[in-house]
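Only a predicted model underlies this, so the values are computations on that prediction, with no experimental measurement involved.
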Amino acid sequence: MLKLVFPNDIIFSEHLRNLINRGILAEPIFENLKTKIEIKKKLTAREIKNIEDFDKLPKDIAEEIAKSYERNKIIVDHYINNREKYKPILIFAIDVIHAIALNKLFRDKEINSDYIVSSVKDLTTGATVSAKENSEKIKKFRNGELEVLINVEMLTEGTDLPNVQTVFLTRPTASTILMTQMIGRALRGQKAGGTEKAYVVSFIDDWEDKINWVNPEKLHFEDDAEFIEKDIPSGNRTARLISIEMIEEFARIMDESIDTTGLEKLVFLKRIPLGIYRFSILEPSEGYEPKPTNYDVLLYDDTEEAYDNFVQDLKVLFQSIDLQDREILTQLELEFLLKIAKEIYFPDHQTLLGYRDEDVKNILRFYAHKEQKPEFLAFSERRKCDLSIVARHIYDNSLGGRAEADYIKSLWNDEKSFWQVLFSYKKLYFMKQLAIEIMKIADPDIYGDHVVGSIPTVIPDTVPIEKLTLYEIKERDILEYRKIKNAVFAKYTDAKGFISCAISGVKSQMRRDFQIDHIKPMSEGGLTTIDNLQLLTRKAHVEKTRRENTRR
C-alpha cells in the first residue's frame with residue numbers, strides 16, 4: 001500500500017540548499033589538490049569494471065598508493081599548512097597500510113592523531129584491534145583530545161561526529177553512495193550542533209586509465225542535485241562495458257582451434273553494439289542483506305528494434321500474470337514470459353547476433369522488481385569504431401612496412417579514439433581483427449559466400465537529419481532515432497495507452513504491432529519530420545507501400 005501512495009519511495013524530501021540556509025547543514029567548501037602522482041599501470045577492462053561496480057582498487061595499485069611516501073607527505077603537509085582552518089579533521093584512507101603510514105607521518109610532526117579500522121591485527125604486536133578500542137579513539141576525537149582521525153571504511157555512516165570541520169578524501173571512489181557518506185560526516189550545521197562551514201578536500205592522482213570517479217562537488221551542487229549524481233556514463237565508460245562483453249569474441253578469433261568464420265564474415269560495424277541496457281537486481285547473498293548485481297544487455301543493429309519493442313511493451317506483457325504485491329517472479333512465471341517474448345519479439349532469435357535467453361530473463365526480473373524500464377546507454381561513438389574503414393585506408397593507399405606500422409601505432413595511441421578501450425587494451429586482438437578486415441577487401445572470395453550484411457554508408461554530419469531515412473538516423477545517432485520514434489508513438493497513443501493506426505484505426509497497446517511510415521514518401525520529397533511520420537499496422541503498411549509502388 002505504501003508503494004501506491006509513495007511511488008518514488010520518497011515520503012518527504014528537502015533540498016540541500018534549504019537545509020544549508022537554515023543552518024541544519026554546514027556550507028561545504030570543495031577543494032581539489034592534484035598530487036601529480038602517476039598511476040601508470042594499465043588496467044584491464046575487468047579491473048576497471050570491478051572498480052566502477054564494486055569500488056575495489058586492485059591490490060597492487062592500492063598498495064602502491066598507500067605506501068607512496070611522496071603522496072602521503074603531500075597530504076600531511078597540506079594539512080599542516082592549513083591547520084587552523086581545517087582542524088579537527090577526518091581522513092578517509094585507502095586501507096590499513098595507508099592509515100598506519102599517514103598516522104606515523106602526523107605523529108612525526110607532533111600532531112595528535114590516531115586511526116580506526118574494522119577488526120584488524122596490530123602490525124607491531126599482532127593483537128587484534130577491538131571495537132572497544134575504536135570506540136575509545138572516536139570518543140577522544142569527539143572530545144578534542146585527537147586533532148586528526150584516520151579511518152578505513154568505518155565512519156561512513158551512523159557515527160555522530162558533530163565537531164568535524166574537514167574531511168580529506170585521500171582515496172578515490174566510484175561509488176556515489178560512499179562519496180555521499182564521506183562528505184556527510186562533515187556536514188552537520190550549527191543548528192544541529194555542528195559547524196558553519198565544512199571543507200571537503202580531494203587528493204587527485206593522474207591515472208593512466210580514465211576511471212569514472214565520483215566528483216564530490218558535482219554530486220552535491222548541480223541545480224537539482226540531492227546527493228544523487230546523474231549516472232550518465234561517458235562514451236569511454238559505455239565503450240568499456242561493451243569491450244568487457246566482446247573480449248571473449250575477440251579471444252575466440254585468436255584461438256586457431258575454433259572456427260569463427262561465421263563471425264568474421266559479418267561487416268565489422270554490425271558486431272559493434274548500438275548501446276546497452278544496464279540495470280541492477282538485488283540477488284541473494286551469504287550475508288543478511290541481498291546484494292545488488294549489475295547486468296548488461298548489448299543491443300546490436302539487428303536486435304535494437306526487437307528489444308525496444310519488448311521493453312516498451314513490458315507493462316502489457318505483465319498483465320498476463322498476477323504478481324499481486326510480489327517483486328520476484330516464480331520460475332514458472334519467468335519461463336512463461338520468456339516463451340511469450342521469444343514468440344512475439346524474437347521469433348528468429350537463433351540467428352540474432354548476441355541474443356541470449358538470460359538477457360531477456362534478467363530484464364523481466366528487473367521489471368518485476370522495479371516496475372520500470374531498464375536504462376538505455378547509447379554508444380554514440382560507435383561510428384568511430386568501424387575497423388573496415390581503417391582497413392580500406394591501408395589497402396587503398398598501399399600502405400606497407402614502416403608506413404603501415406606507423407599508421408596503426410598512431411591509431412592505437414590516439415587518446416581520442418576508442419580502439420584501446422574497445423579491445424580491452426589488447427593490441428594483439430586489434431591487429432588480428434584488422435588483418436581479417438584487410439583480407440576481406442584484398443580477397444573477398446576467401447569467405448566463400450562473401451561478407452554478410454550491407455556495408456554502412458558513411459553519411460557526412462553536414463547532411464540535415466530530416467533528409468536521412470530512419471535507418472540512416474539510427475546509424476548516425478541512436479539517441480536521436482529513439483527520440484523521433486518515441487515522439488511518433490506518443491502522437492498516436494491515447495490517455496489509456498492505446499496506440500492507433502493512422503489509416504485503419506486499429507488499436508493496440510503493444511508497440512510491436514506498428515511500424516513508422518513516411519506520409520509523403522522520401523522518393524517524392526518527403527522528409528523525416530514528426531509531422532510527416534505516422535504509425536501503421538504491419539498490414540496497412542504493406543498495403544500502402546504496394547499502392548505507392550503501383551502508382552510509380
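- A donor-acceptor contact shorter than 3.5 Å is absent between the side chain of H369 and the backbone of R365.
- With hydrogens and angles disregarded, no donor-acceptor distance shorter than 3.5 Å links the side chain of E196 to the backbone of Q190.
- Judged by distance alone, with hydrogens and angles left aside, the side-chain atoms of N151 form no donor-acceptor pair with the main-chain N or O of A93 at under 3.5 Å.
- For E358, the salt bridge (Lys or Arg N to Asp or Glu O under 4.0 Å) test picks out K361, with sequence neighbours left out.
- Remark: L187 CG to I24 CD1 distance equals 13.0 Å, nearest 0.5 Å.
- Electrostatic pairing of D359 and R356 counts as a salt bridge here, judged by a charged N lying under 4.0 Å from a carboxylate O.
- Summarising the local packing, NZ of K483 is surrounded by 12 or fewer heavy atoms from other residues, nucleotides or ligands at distances under 6.0 Å.
- Here the CG-CG distance, from L263 to L353, works out to 7.0 Å after rounding to the nearest 0.5 Å.
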### Query
Does the pair Y295 and F366 meet the rule for a ring pair (Phe, Tyr, Trp, His ring centres under 6.0 Å), with working shown?
CA-CA 10 Å; Y295 290 96; F366 173 75; 9.6 Å; no

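- Here the shortest heavy-atom pairing between V360 and Y355 reads CG2-CE1, 3.6 Å.
- Shown here are the side chain to side chain contact (heavy atoms under 4.5 Å, CB included) partners of K73, two or more places apart in sequence or in another chain: Y69, D77.
- Of the possible polar contacts, none joining the N103 side chain to the I150 backbone as a donor-acceptor pair under 3.5 Å is found.
- For F423, the ring-ring contact (aromatic ring centres under 6.0 Å, His included) partners are F250, F430, not counting sequence neighbours.
- With hydrogens and angles disregarded, no donor-acceptor distance shorter than 3.5 Å links the side chain of D414 to the backbone of S410.
- With sequence neighbours left out, Y300 forms a ring-ring contact (aromatic ring centres under 6.0 Å, His included) with no residue at all.
- Taking each heavy atom of D114 and L146 in turn, the nearest pair found is CB-CD1, 3.8 Å.
- Annotation: ring-ring contact (aromatic ring centres under 6.0 Å, His included) contacts of F141 (sequence neighbours excluded): none.
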### Task
Could you please spell out the steps behind the side chain to side chain contact (heavy atoms under 4.5 Å, CB included) verdict for I89 and Q165?
CA-CA 6 Å; I89 179 175; Q165 177 74 36; over 6 Å; no

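- A distance-only check finds no donor-acceptor pair linking the side chain of K270 to the backbone of D301 [under 3.5 Å].
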### Task
Test Y79 against V148 for side chain to side chain contact (heavy atoms under 4.5 Å, CB included), laying out the working first.
CA-CA 10 Å; Y79 173 72; V148 176; 4.0 Å; yes

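- With sequence neighbours left out, the side chain to side chain donor-acceptor pair (under 3.5 Å) criterion links N413 to no other residue.
- Atom CD1 of I328 has 12 or fewer heavy atoms from other residues, nucleotides or ligands within 6.0 Å.
- Between F168 and F203, the ring center distance clears the sub-6.0 Å criterion.
- In terms of heavy atoms, A66 sits closest to D95 at CB-OD1, 3.5 Å.
- Two residues are said to be in side-chain contact when any heavy atoms from C-beta on lie closer than 4.5 Å; N72 and H98 meet this criterion.
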### Query
After noting the C-alpha distance and the side-chain angles of I438 and I394, does the key distance pass the side chain to side chain contact (heavy atoms under 4.5 Å, CB included) rule?
CA-CA 8 Å; I438 293 172; I394 291 172; 4.0 Å; yes

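- Residues passing the salt bridge (Lys or Arg N to Asp or Glu O under 4.0 Å) test with E38, sequence neighbours excluded: K40.
- For T166, there are no side chain to side chain donor-acceptor pair (under 3.5 Å) partners at least two apart in sequence or on another chain.
- Interatomic distance, CD1 of I116 versus CG of N134, reported as 5.5 Å (0.5 Å rounding).
- Checked against side chain to side chain donor-acceptor pair (under 3.5 Å), K384 has the following partners two or more places apart in sequence or in another chain: E381.
- Applying the side chain to side chain donor-acceptor pair (under 3.5 Å) criterion to R482, with sequence neighbours excluded, gives Y277, E304.
- Salt bridge K34/D206: absent, no basic N to carboxylate O contact under 4.0 Å.
- Here the straight-line distance linking atom CD1 of I37 with atom CD1 of I74 works out to 4.5 Å at 0.5 Å rounding.
- A salt bridge is defined here as a Lys NZ or Arg NE, NH1 or NH2 lying under 4.0 Å from an Asp or Glu carboxylate O, and E147 with R83 meets this definition.
- For the pair Q420 (side chain) and W412 (backbone), a donor-acceptor distance under 3.5 Å is present.
- Salt-bridge formation is not detected for the pair K139/E145: no Lys NZ or Arg NE/NH1/NH2 atom is positioned less than 4.0 Å from an Asp or Glu carboxylate oxygen.
- Note that CZ of F92 and CE of M179 are 10.0 Å apart. Values are rounded to the nearest 0.5 Å.
- Using modelled atom types, no side-chain atom of S113 and backbone atom of L149 make a donor-acceptor pair closer than 3.5 Å.
- Listed here is the closest heavy atom pair of N163 and T195: O-CG2, 4.4 Å.
- Legend: residues meeting salt bridge (Lys or Arg N to Asp or Glu O under 4.0 Å) with E84, ordered by chain and number and at least two apart, are K87.
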### Query
Which is it for R382 and E475 under the salt bridge (charged side-chain N to carboxylate O under 4.0 Å, His left out) test, yes or no, and what are the steps along the way?
CA-CA 9 Å; R382 177 174 177 261; E475 283 292 313; 3.3 Å; yes

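- Judged purely by atom type and a 3.5 angstrom limit, T35 has no side-chain atom pairing as donor or acceptor with the backbone of R71.
- Across C385 and F418, no two heavy atoms sit closer than the pair SG-CB, 3.8 Å.
- Residues P28 and I20 share a closest heavy-atom pair of CD-CD1, 3.8 Å.
- Under the ring-ring contact (aromatic ring centres under 6.0 Å, His included) criterion, Y407 pairs with H393, not counting sequence neighbours.
- Inter-residue side-chain proximity for S135 and I138 is flagged as unmet; no heavy-atom pair is nearer than 4.5 Å.
- Judged by distance alone, the side chain of D477 and the main-chain N or O of L479 form a donor-acceptor pair under 3.5 Å.
- The residues E31 and K85 are annotated as salt-bridged, a charged nitrogen and a carboxylate oxygen being separated by less than 4.0 angstrom.
- Note that the CG atom of N81 and the OH atom of Y86 stand 9.5 Å from one another [nearest 0.5 Å].
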